[in-house]
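To start, the structure under review is shown below, and the notes come after it.
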Amino acid sequence: MTRYSDSTYHFFDQVYDVVRLIPEGRVTSYGAVARYLGSGRSARMVGWAMNACTSKPDVPAHRVVNRNGMLTGKMHFTTPFAMQERLEAEGIQVREDVVVEFKRLLWDPSRELEL
DNA sequence: CACTTGACTTATT
DNA sequence: TAATAAGCCAAGT
């Protein structure tokens, strides 16, 4: 198993916790999660964390897309279609690998959680 | 140790 | 509005 530094592992947990809070039928972006976690974390790190979450079925990774609503991570799922299928199963329409009405469905943790 | 890569985003041209 | 550059930061080579 790949080993990560303690700080990195902690960061992974933070990302997973936020992703688990995304309501069904909503989506968020890597950047939104990174901003919510703050403290020098970049969107790339969030994507990197998600890449390691494939073995964590309880993390709704399909609800995390890039800032344009594009399903950039679809190729990392069990099948390239799994991500879109899961989204559509929640009532989220996907067209040309992009979430329809993304702007309306966006769930920004730093705004929705309104700390 | 230097360079490339990547589930990203923002700024600049 | 679209293409490019720059910032990002850990891992892999």
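Order of the sequence lines sets the chain letters (A, B, ...), proteins ahead of strands, with each chain counted from 1. Heavy atoms only: backbone and side chains are in, while hydrogens, waters and symmetry mates are out.
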**Message:** I want to verify a distance call: between C:dC9, B:dA7, B:dT9, whose nearest atom is closest to the A:Met45 side chain?
**Reply:** C:dC9
**Request:** Between C:dA6 and B:dA7, how far apart are the P atoms? Round to whole Å, please.
**Result:** 22 Å
**Selected nucleotide, minimal atom distance to A:Met50 side chain, candidates C:dA11, C:dA10, B:dA7** = B:dA7
**Request:** Answer with base, sugar-phosphate or nothing: what part of the nucleic acid does A:Ala49 contact at a heavy-atom distance below 4.0 Å?
**Result:** nothing
**Item:** Per A:Arg41 side chain, nearest of listed nucleotides B:dT10, B:dA7, C:dA10
**Value:** C:dA10
**Request:** Remember a base hit wins even if backbone is also touched, and classify A:Asn66 as base, sugar-phosphate or nothing at under 4.0 Å, heavy atoms.
**Result:** sugar-phosphate
**Request:** Measure from the side-chain heavy atoms of A:Ala43 and tell me the nearest of B:dA7, C:dA10, B:dT9.
**Result:** B:dT9
**Exceeds 12 heavy-atom contacts within 6.0 angstrom, atom CD of A:Gln93** = no
**Item:** Donor on one side chain, acceptor on other, A:Gln84 and A:His62, under 3.5 Å
**Value:** no
**Fill in**
Among B:dT10, C:dC9, B:dA7, the one nearest any side-chain atom of A:Asn51 is B:dA7
**Item:** Flag if over 12 foreign heavy atoms under 6.0 Å of CG, A:Asp13
**Value:** yes
**Request:** Write down the distance between CH2 (A:Trp48) and C1' (C:dA10), rounded to a whole number of angstrom.
**Result:** 5 Å
**Message:** By nearest atom, which of the nucleotides B:dA7, B:dT10, C:dA10 is closest to the A:Thr54 side chain?
**Reply:** B:dA7
**Prompt:** Which base, if any, makes a Watson-Crick or G-U wobble pair with B:dG6, both distances under 3.5 Å?
**Reply:** C:dC9
**Request:** Quickly work out the A:Arg67 CZ to B:dT10 C1' distance and round it to whole Å.
**Result:** 8 Å
**Message:** Is there a salt bridge (charged side-chain N to carboxylate O under 4.0 Å, His left out) between A:Glu90 and A:Arg26? Walk through the geometry before answering.
**Reply:** CA-CA 9 Å; A:Glu90 296 182 0; A:Arg26 301 291 298 278; over 6 Å; no
**Prompt:** A:Phe77 near the nucleic acid: base, sugar-phosphate alone, or nothing, with a heavy-atom cut-off under 4.0 Å?
**Reply:** base
**Prompt:** Distance check: side-chain N/O of A:Ser29 vs OP1/OP2 of B:dT9, anything under 4.0 Å?
**Reply:** yes
**Item:** Separation of the C1' atoms in B:dC1 and C:dA10, to the nearest angstrom
**Value:** 16 Å
**Prompt:** To the nearest angstrom, how far is A:Asn68 atom CG from C:dA2 atom C1'?
**Reply:** 13 Å
